[in-house]
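All figures in this text were calculated on a predicted structure; none of them were measured in a lab. A note on names: the letters A, B, ... follow the listed sequences, proteins ahead of strands, and every chain is numbered from 1.
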There are 2 protein chains.
Amino acid sequence: MPRIAPAMKTAITEKPRRRTQEERSEAMRKRLLAATLESLAEDGYAGSTLSSIVRRAGVSRGAQVHHYPSKQALLLDASEDLLKRTYRRLGTLLLSISEEDNRLQALVDACWEQMFATPLYRAYCELVAASQRDEELAQALGAMLRRVMALFEPAANYYFETSGTKLRPADMFLQLSCLLSGLGLQATLLSKPVIRSQLDGWVRQASPILRARKGITSPPPRPAAWDRVLETAG
Amino acid sequence: MPRIAPAMKTAITEKPRRRTQEERSEAMRKRLLAATLESLAEDGYAGSTLSSIVRRAGVSRGAQVHHYPSKQALLLDASEDLLKRTYRRLGTLLLSISEEDNRLQALVDACWEQMFATPLYRAYCELVAASQRDEELAQALGAMLRRVMALFEPAANYYFETSGTKLRPADMFLQLSCLLSGLGLQATLLSKPVIRSQLDGWVRQASPILRARKGITSPPPRPAAWDRVLETAG
DNA sequence: TATGATACAGTCCAGACTGTATGTAAATGA
DNA sequence: TCATTTACATACAGTCTGGACTGTATCATA
């Protein structure tokens, strides 16, 4: 049916203010990605249907299909977004650590609280599980994992040093990340004290061989990859 | 339409041998459960539809609905079955360890190979992820985890002793299990050398404080819960 | 061996999901 | 200001899922 009276929106919205196409696209994609990660965390991979995602984002089905031709495409981009968020979170975390007294304990606690006991990590678990049957997703997540590890490694070696072992700080923290992954996966099945004791246990066990370098109060040098991600993150 | 010529099956099957009702039910349930766990590992939670499960089991839709009124019921029973399988696997594993020279390394390797780098663990991951949105499943898995831990704890304290730390062997092995969980979750995303180095790293790090008790060659005393499960396992 | 209970098979249906096709509003640029 | 492209909205088609339902074979028992 042609020609329906328009000019109602302008009456409702305060300042409809013209947005450039690119702004509109970016904002829409942002909403979709955020909703996708939310949905992955809350509803799981299976429960994250396109309908539920667009409902969560408060947009129409058409918007999604316009920006992402397939569900696969949306999830792949959401994985990328997950990487960026993780990067940023890790960055602020490492910065805050530099001021702490007991850096090891603070780092472990902060990693747990802010990275593994979070909805974002739940979303990651869902994606990892799904990547078992999705080669493309596996590729993306694998690359993501390597990049985060590559970011974390110099920071670990910058803040800490090992003694009496062949392992470098980065190796120790890789172990820590595996431990936290396992804890995070089963966090809802384990009691709080068990988790607490595991975190403390690791710190107690690692502290004799893992010392914070003295006189290091400034943040570690950011690798180039970091800034590249941060700037494209919007 | 009534009365179709029967007596064809007897011609085909060698010995149709009367099976008791209970035998039939048990056999059918066994097939369904095995197919469910297989499907969880291979197709994931979302991909494990009833149709795919019964196809995998080679039975009809009706058989499934007869034994399990809902999909939920089937999955809950499959979780139970997963527990029993894990129990048994852990049992044989612990037995085999008793003969090894370097028990710690052997135990870690065996746990990894036979418990975490397996389809059964993949199925577990799928169930854990799903349990995030299924209170009943979470209950079942939580109970299962506690029972396995309760089984493992005395065995760990029986084979090993700690020195120079407040942690008991069981605490160390709980840490190990979390580590292996994390590794197992991301096994397909990590390279073999990384996994290998993590396993070896843990052993190297734990061996100074975790010693195998001398003169222990017999298997640990089985807790009552163990036999209870083993006998009902069929 | 007759009768009721149990085990299993096959089909149907309402709902949900993804992808597509088509229509409308907003921005761009000449 | 108008044509064109881009952004978004809605309706629909085809497929699949889980549960309900009906029918048949097998077993237990009196």
Side-chain angles (χ1 to χ4, degrees), chain A residues 1-13 15-32 35-36 39 43-76 130 134, chain B residues 1-13 15-32 35-36 39 43-76 130 134:
Chain A
M1 295 301 118
R3 309 298 133 72
I4 306 175
M8 217 163 110
K9 262 204 166 156
T10 39
I12 299 171
T13 59
K15 272 190 175 179
R17 206 215 124 216
R18 313 275 277 194
R19 287 184 305 167
T20 173
Q21 297 275 53
E22 205 167 343
E23 283 174 333
R24 291 175 63 180
S25 288
E26 182 131 352
M28 177 59 78
R29 262 191 274 260
K30 215 168 192 170
R31 295 178 70 176
L32 281 170
T36 303
S39 179
D43 307 330
Y45 187 86
S48 292
T49 70
L50 289 175
S51 320
S52 85
I53 291 173
V54 298
R55 195 182 322 125
R56 198 181 279 270
V59 304
S60 80
R61 193 69 209 310
Q64 167 264 308
V65 77
H66 177 69
H67 292 283
Y68 299 101
S70 70
K71 188 180 181 180
Q72 168 86 337
L74 174 58
L75 286 172
L76 276 177
D134 185 331
Chain B
M1 295 302 118
R3 309 296 131 75
I4 306 175
M8 216 163 114
K9 261 202 167 159
T10 40
I12 299 172
T13 58
K15 272 191 176 180
R17 206 215 126 213
R18 313 273 278 195
R19 287 185 306 168
T20 173
Q21 296 276 53
E22 206 169 342
E23 283 175 333
R24 292 175 61 179
S25 287
E26 182 132 351
M28 175 59 79
R29 261 192 274 261
K30 215 169 192 171
R31 295 178 71 177
L32 282 170
T36 303
S39 179
D43 308 330
Y45 188 85
S48 292
T49 68
L50 289 177
S51 321
S52 86
I53 290 174
V54 298
R55 196 183 322 123
R56 197 181 279 271
V59 303
S60 79
R61 196 71 177 47
Q64 167 265 308
V65 78
H66 176 67
H67 291 283
Y68 298 101
S70 71
K71 188 180 181 180
Q72 166 85 335
L74 174 58
L75 286 171
L76 276 178
D134 185 331

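For Arg61(A) and dA21(C), the CZ to P distance is 14 Å, given to the nearest whole Å. Counting to the nearest Å, the P atom of dC8(C) and the CG atom of Leu50(B) are 16 Å from each other. As rounded to whole Å, 15 Å separates atom C1' of dC16(D) from atom CD1 of Ile53(B). Look at CD on Glu26(B): it is 16 Å from P on dC27(D), rounded to the nearest Å. Protein atom CD of Gln64(B) is 12 Å distant from nucleotide atom P of dA9(C), rounded to whole Å. Atom-to-atom, OH of Tyr68(B) to C1' of dA7(C) comes out at 14 Å; the value is rounded to the nearest Å. For the pair Met28(A) CE and dT6(D) C1', the computed distance is 13 Å after rounding to whole Å. In this structure, Arg31(A) atom CZ and dA7(D) atom C1' are separated by 14 Å, rounded to whole Å.
Considering every non-hydrogen atom in both Thr36(B) and Leu32(B), the closest pair reads OG1-O, 2.7 Å. The minimum heavy-atom distance between Gly47(A) and Ser39(A), with the atom names listed, is O-OG, 4.4 Å. When every heavy atom of Ser48(B) is checked against every heavy atom of Gly44(B), the shortest pair comes out as OG-O, 2.6 Å. Taking all atoms of both residues into account, the shortest heavy-atom contact from Arg31(B) to Gly58(B) is NH2-O, 3.7 Å.
Between dC8(D) and Ser60(A), no contact under 4.0 Å exists linking OP1 or OP2 to a side-chain N or O. Checking the phosphate oxygens (OP1, OP2) of dT17(D), a side-chain nitrogen or oxygen of Thr49(B) falls inside 4.0 Å. For the OP1/OP2 pair of dC8(C) and a distance below 4.0 Å, the side-chain nitrogens and oxygens of His66(B) include no atom meeting the criterion. Under 4.0 angstrom from either OP1 or OP2 of dA7(C) there lies no side-chain N or O belonging to His67(B).
In this structure, the separation between CD on Gln64(B) and CG on Leu50(B) is 4.5 Å, given to the nearest 0.5 Å.
Two residues, Lys71(B) and Gly62(B), neighbour DNA chain D, and the one matched to the more 5' nucleotide by heavy-atom proximity is Lys71(B).
Listed nucleotides dG19(D), dA9(D), dT18(C) differ in distance to Ala63(A); the shortest reach to its side chain belongs to dA9(D). Of all nucleotides listed (dA9(D), dA7(D), dG19(C)), dA9(D) comes nearest to the side chain of Val59(A).
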